[in-house]
Amino acid sequence: MPQFPPDLREILAGARRVSVLTGSGVSAESGVPTFREAQTGLWARYHPEDLATPAAFERNPGLVWEWYAWRQDMIRQAQPNPAHLALVEMERHYPSFTLITQNVDGLHERAGSQNILELHGNILRARCVQEGTIVASWQNAVGGLPQCPHCGGLLRPDVVWFGEALPQETLDLAWHVAQNCDLFFSIGTSSVVHPAASLPYLALQNQIPVVEINPHETPLTRQADYQLPGPAGVVLPALVKEVWG
Ligand code: OAD
């Protein structure tokens, strides 16, 4: 059982508005490979720009959809882990709780988290290229590509590709909650991919205590008020138990 600083327990127990940023480390214990880890076997010979850019999709939508269908299958087989479940439990204790995630696997939602901002989209959804409609289920055109059930147009995965902007409204909300909370967590993220990586620094600039949970050091570690080294699936449930029993 990890040891926690006593004042951290008080901060958690007294906070009313909590914001949490998560990255792929939170899904590691569910066995979800990161984008790069998934590039094994047949996919090892492709560069990310062949699979996850607007240009790649224009050039070869069939190849891009094959890659996404393969990853969707892996993600559907994965289950939320104790870190996802501890975050669901935490949300119940706060009047205001926002979970900002860079993960596209939808595991926070499946675990039962309610107030989620998906900065990079969700791999289990698709978006109509013509009308922008978001869909959660679809079929392929006969012998062809995923087709919008509303207008028959081409669908694309509803994720942010390399070189694309993050959804502005979601980003604005994330910016707001990072600066207007009593406590900010950065969990399982390498803290290098911006703009998400800027969020804990916004909290710090606003004198909001920042807690990092990560088994490895990141550029944030030395600036965070509390560093809880270790896997999120061990540290988070222990923290919840420490505060709420
Ligand atoms: P990274 O793969 O960059 O970093 C994962 C972090 O999780 C590392 O700092 C690990 O030390 C940590 N980690 C590993 N196992 C862990 C565990 N069990 N518990 C806690 N932490 C653990 O992933 P992200 O920071 O999420 O973007 O990367 C951000 C974005 O970069 C991704 O969303 C993706 C990528 O390019 C897009 O797809 C647009």
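In listed order, ligands and their atoms are each counted from 1.
In this structure, Arg156 satisfies the cation-pi test against Trp161, with its NZ or CZ atom closer than 6.0 Å to the six-membered ring centre and inside 45 degrees of the ring normal.
Looking at heavy atoms from C-beta onward, Leu12 lies out of side-chain contact with His93 at the 4.5 angstrom threshold. The shortest side-chain heavy-atom distance between Pro48 and Arg36 falls under the 4.5 Å cut-off.
Cys148 SG to Glu131 CD: the interatomic distance, rounded to the nearest 0.5 Å, is 6.5 Å. A distance of 6.5 Å separates CG in Leu183 from CE in Met90, rounded to the nearest 0.5 Å.
A ring pair (Phe, Tyr, Trp, His ring centres under 6.0 Å) with Phe35 is found for one member of Tyr68, Phe162, Tyr46 and no other, namely Phe162. Checking Asn103, Asn81, Asp105 one by one against Ser30, the side chain to side chain donor-acceptor pair (under 3.5 Å) holds for a single residue, Asn81.
Under the 3.5 Å distance criterion, with hydrogens and angles disregarded, a donor-acceptor pair is assigned to the side chains of Gln168 and Asp172. With 3.5 Å as the limit, one finds no donor-acceptor pair spanning the side chains of Thr221 and Gln227. With 3.5 Å as the limit, one finds no donor-acceptor pair spanning the side chains of Ser19 and Thr98.
Looking only at heavy atoms of the protein, atom 10 (C) of ligand 1 is closest to Asn214 OD1, 3.6 Å. In terms of protein heavy-atom proximity, atom 35 (C) of ligand 1 is closest to Val193 CG2, 4.5 Å. Of the protein's heavy atoms, Gly188 O, 3.5 Å lies nearest to atom 6 (C) of ligand 1. In this structure, the protein non-hydrogen atom closest to atom 13 (N) of ligand 1 is Gly25 CA, 3.6 Å. Protein heavy atom at the shortest distance from atom 33 (O) of ligand 1 is His120 ND1, 2.9 Å.
Taking distance alone, with nitrogen or oxygen atoms compared against 3.5 Å, Glu29 approaches ligand 1 more closely than that limit. At under 3.5 Å, not a single nitrogen or oxygen of Phe162, backbone or side chain, sits near a nitrogen or oxygen of ligand 1. Between Ser24 and ligand 1, a contact under 3.5 Å exists for at least one N or O pair. On a distance-only criterion, Thr189 and ligand 1 share at least one N/O pair closer than 3.5 Å. At least one N or O atom of Ala232, backbone or side chain, sits closer than 3.5 Å to an N or O atom of ligand 1. Taking only nitrogen or oxygen atoms, main chain and side chain alike, Thr34 does not reach within less than 3.5 Å of ligand 1. Taking only nitrogen or oxygen atoms, main chain and side chain alike, Ser190 reaches within less than 3.5 Å of ligand 1.
Residue-ligand proximity, Ala28 to ligand 1, at heavy-atom distances under 4.0 Å covers atoms 15 (N). When each atom of ligand 1 is checked for a heavy atom of His216 under 4.0 Å away, the hits are 11 (O). Every atom of ligand 1 is numbered from 1 in the order shown, and the set under 4.0 Å from a heavy atom of Pro231 is 17 (C), 18 (N), 19 (N).
The backbone and the side chain of Gln102 each have at least one atom closer than 4.0 Å to an atom of ligand 1 (non-hydrogen atoms only). In Val160, the part holding a heavy atom less than 4.0 Å from any atom of ligand 1 is the backbone.
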For the pair Leu236 and Val26, evaluate side-chain contact (heavy atoms from CB on, under 4.5 Å) and give the outcome as yes or no after the intermediate values. CA-CA 10 Å; Leu236 265 173; Val26 166; 5.7 Å; no

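At least one heavy atom of Pro215 sits under 4.0 Å from some atom of ligand 1.
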